[in-house]
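Below is one structure; the comments refer to it alone.
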There are 2 protein chains.
Amino acid sequence: MARTTISEVAKAAGVSVSTVSRALRGLDKVNPATRKRVEDAAEKLHFSFSKSASSLASGKTMRVGVLLADRISGWFNSHAFEGVYEALSVHGYDVIPYVIWGQDTLDNFFQTLPGNQNVDAVIVFSFDLDDAKKQVLKELTVPVVGLNTPSDDGYDATARIDDRVSMYAPVRLLHSLGHESLAYVEQPETSPFLSTSRIRSQAFVSASRELGYADDKIMTIPAIVYTGMRSQMDVYSGIAAQLVGSPSRPTGVCVENDKVAVALVRELVRVGVRIPEDMSVIGFDDDTRAPILDMTTVHQDPTELGRAAGNKTLALMRGERLDNPYSVVPTSLVLRDTTGPAPTDD
Amino acid sequence: MARTTISEVAKAAGVSVSTVSRALRGLDKVNPATRKRVEDAAEKLHFSFSKSASSLASGKTMRVGVLLADRISGWFNSHAFEGVYEALSVHGYDVIPYVIWGQDTLDNFFQTLPGNQNVDAVIVFSFDLDDAKKQVLKELTVPVVGLNTPSDDGYDATARIDDRVSMYAPVRLLHSLGHESLAYVEQPETSPFLSTSRIRSQAFVSASRELGYADDKIMTIPAIVYTGMRSQMDVYSGIAAQLVGSPSRPTGVCVENDKVAVALVRELVRVGVRIPEDMSVIGFDDDTRAPILDMTTVHQDPTELGRAAGNKTLALMRGERLDNPYSVVPTSLVLRDTTGPAPTDD
DNA sequence: ATGAAAGCGCTAACAT
DNA sequence: ATGTTAGCGCTTTCAT
């Protein structure tokens, strides 16, 4: 199918190129008969618009970029991306992922995308951006919307869950179940740009304090970067060891996300810890893994978040003013079988 | 950051636009001193190329489209997409997903993408395309590569697993474990374009026959489209009922993929079937769910498949001739805890 | 090594 | 309702 241009269609239909343009884009002020002739000619010649040419001439690219702080195959990202796609693709937009692996890809992104209308908008997923980058985003002439960004600052709109509030529910549950010593486990290896890690662990600590836990009853296992040396399993057995061996003997554990929680529960069970009799574990996400282990977790819906972000983006690209640009999607605690009353001392 | 154009940079650097173009693209025949001046000017003005303008002038879009028969959030698709992205993004290509939901999106895709160089290549995931569509693909002037397509026909290159061969391993295992009656479960609700469903179930049947099973010892539970009325759980309890209630009393079950296998195992356990004492179950994929249930399954690596497809695409776009355009990535049977010897009759 | 000029295939006034 | 015209911001011969 050799590239057919609009002028060939015009010739075939016996009209001018502008008429072809109008007819094919469904604009008004085109005689129905003419339109029909044009459409037939286009069909016969297998014509389709060159997006580049349209973009160049119109100034709209019909593309939106999605900035990811982490792999697109992860549960959250793939679903959120899908939500964005659902909202935008039906309106003819291409949705292009840009995965940021490290400082170089970040710099590269900020260098090549911004200036010249290369996208009509950018959506930023769960990013922890420093002020310099935020400044760059602010200076972009296209809408910038955030999805689960740590704050609304610097974004024309955001859709997010409240990580802080969301972490209170599981801590409150553990407290009401009588657990006297708590622990929080961060995802072992994580992207430097991911914002959730930091926020959730901070929220865990403040929630615990507010509920009256002394600092020596609040343990945190941070996201040490295990430098590839150790296998996945070693990582989790290390965490399990810290949990079991800690002088504070935590019996209630919150985990940054279900992926890590599931691996941890399996490891704990392997070394003889009974869940929930000896230890209660609560995840975060309610991803596909959580129900398999009947794990208590905090439910969130990334697809919905993606749709929300996509729709806001759409409105912004149309020049509309949003009456509620910064929206928060609620999460909910899902009670399942990895939580129970604190073990009684013998 | 207002759009800066190449001519503004030219002016600022005191050179012509063509020199700017050469300098910034790292072409040869540019005086180092001149290049430096141009780069400085570009930097100061926050210049970046307009992709649309570059595309239009050069004829290369630096974009490749990925055709998906199903949601991008699924385990296979998200990982395969990631593999493609890894291979192509480092070379400056944008990777754009196109999800095909139904006949209309399919038609729309084939209508808007093809003709005018809107992408430099297209990669097709697990698609069952009719001859007409294949013909359209063939007529595309850009490379078309398949990833887990049912055949190599119509593609300039493909990377895939051999679904047929892959299905033989689990059937052989069940046979060697003494199971005398087998069953195969297709994914309940599936896309009409997904090719794997059909192929795997056919392979299951022929593998079983070759191993000597009579047709009344080979049961297949097809992908009936449960029309939204029933809940997910009802679907699986229906399947479990068919399995348990069948006159052929199958004790060895192969399932189209782990997602379905996991749900099925849980349902079977719920109704009192012991796995693997009463029934052996084998999945397909070895996705994130399989290890959680210690499920025996057929392992495949979609990310690797994606990388392979991406690299072939890259070579093709460069005009290179592949010496091995159609490659098959092996799968492997992973033995875990959902399989065991056939139950002895009492 | 650098510049001039001719498009790439469209859209968007502006005419008519 | 339709045609004319002037770009959009680049790349690419072709000169020099």
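A note on names: the letters A, B, ... follow the listed sequences, proteins ahead of strands, and every chain is numbered from 1.
Distance, B:Met62 CE to C:dC8 C1': 17 Å, rounded to whole Å. Atoms CD (B:Gln117) and P (C:dG9) sit 10 Å apart, rounded to a whole Å. Rounded to a whole Å, the CZ atom of B:Arg25 is 11 Å from the P atom of D:dC10. One interatomic measurement links the two molecules: CG of A:Leu24 to P of C:dC10, which rounds to 10 Å at whole-angstrom precision. Straight-line distance from the CZ atom of A:Arg35 to the P atom of D:dA1: 10 Å, rounded to whole Å. Summarising the geometry, the separation between CD1 on A:Ile6 and P on C:dG9 is reported as 11 Å, rounded to the nearest angstrom. What separates NZ of B:Lys29 from C1' of C:dA1 is a distance of 8 Å, to the nearest Å. Taking atom NZ on A:Lys36 and atom C1' on D:dT2, their separation rounds to 20 Å, with Å as the unit.
B:Pro192 pairs by the side chain to side chain contact (heavy atoms under 4.5 Å, CB included) definition with nothing, not counting sequence neighbours. Residues forming a ring pair (Phe, Tyr, Trp, His ring centres under 6.0 Å) with B:Phe81 (at least two apart in sequence, or on another chain): none. Shown here are the side chain to side chain contact (heavy atoms under 4.5 Å, CB included) partners of B:Lys60, two or more places apart in sequence or in another chain: B:Ser58, B:Asp120. Listed by chain and number, the residues in a salt bridge (charged side-chain N to carboxylate O under 4.0 Å, His left out) with A:Lys36 are A:Asp40 (sequence neighbours excluded). B:Ser197 pairs by the side chain to side chain contact (heavy atoms under 4.5 Å, CB included) definition with B:Glu186, B:Thr190, B:Glu256, not counting sequence neighbours. Not counting sequence neighbours, the partners of A:Asn77 by the side chain to side chain contact (heavy atoms under 4.5 Å, CB included) test are A:Leu68, A:Asp70, A:Phe125.
With DNA chain C read from its 5' end, the first of the two nearest nucleotides for B:Leu56 and B:Arg37 is the one closest to B:Arg37. Between B:Ala53 and B:Leu27, the residue anchored closer to the 5' end of DNA chain D is B:Ala53, taking for each the nucleotide with the nearest heavy atom.
Listed by residue number, A:Ser18 are the residues of residues 8-18 of chain A with a heavy-atom contact under 4.0 Å to DNA chain C.
Classification of A:Asp94 and B:Arg63 as a salt-bridged pair fails, no side-chain N sitting under 4.0 Å from a carboxylate O.
Between C:dT2 and B:Arg22, no contact under 4.0 Å exists linking OP1 or OP2 to a side-chain N or O. Between D:dG9 and B:Thr5, no contact under 4.0 Å exists linking OP1 or OP2 to a side-chain N or O. OP1 or OP2 of C:dT2 sits under 4.0 Å from a side-chain N or O of B:Thr34. A:Ser21 has a side-chain polar atom (N or O) that falls below the 4.0 Å cut-off from OP1 or OP2 of C:dT11.
Closest to the A:Thr19 side chain, of the nucleotides C:dT2, D:dT2, D:dC10, is D:dT2.
Within the 4.5 Å cutoff, no side-chain heavy atoms of B:Tyr85 are placed close to those of A:Ile72.
In the helix from C:dA1-D:dT16 to C:dT16-D:dA1, the end axes, each obtained as the rotation axis mapping the C1' atoms of four pairs onto the next four within a five-pair block, lie 30° apart to the nearest 10 degrees.
Residue pairs meeting the salt bridge (Lys or Arg N to Asp or Glu O under 4.0 Å) criterion with at least one member in residues 304-321 of chain B, sequence neighbours excluded, are B:Glu86-B:Arg307, B:Glu304-B:Arg307.
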For this session: Determine, stepwise, if the pair B:Ser18 / B:Ser16 fulfils side-chain hydrogen bond (donor to acceptor under 3.5 Å, both in side chains).
Result: CA-CA 5 Å; B:Ser18 26; B:Ser16 72; 3.2 Å; yes

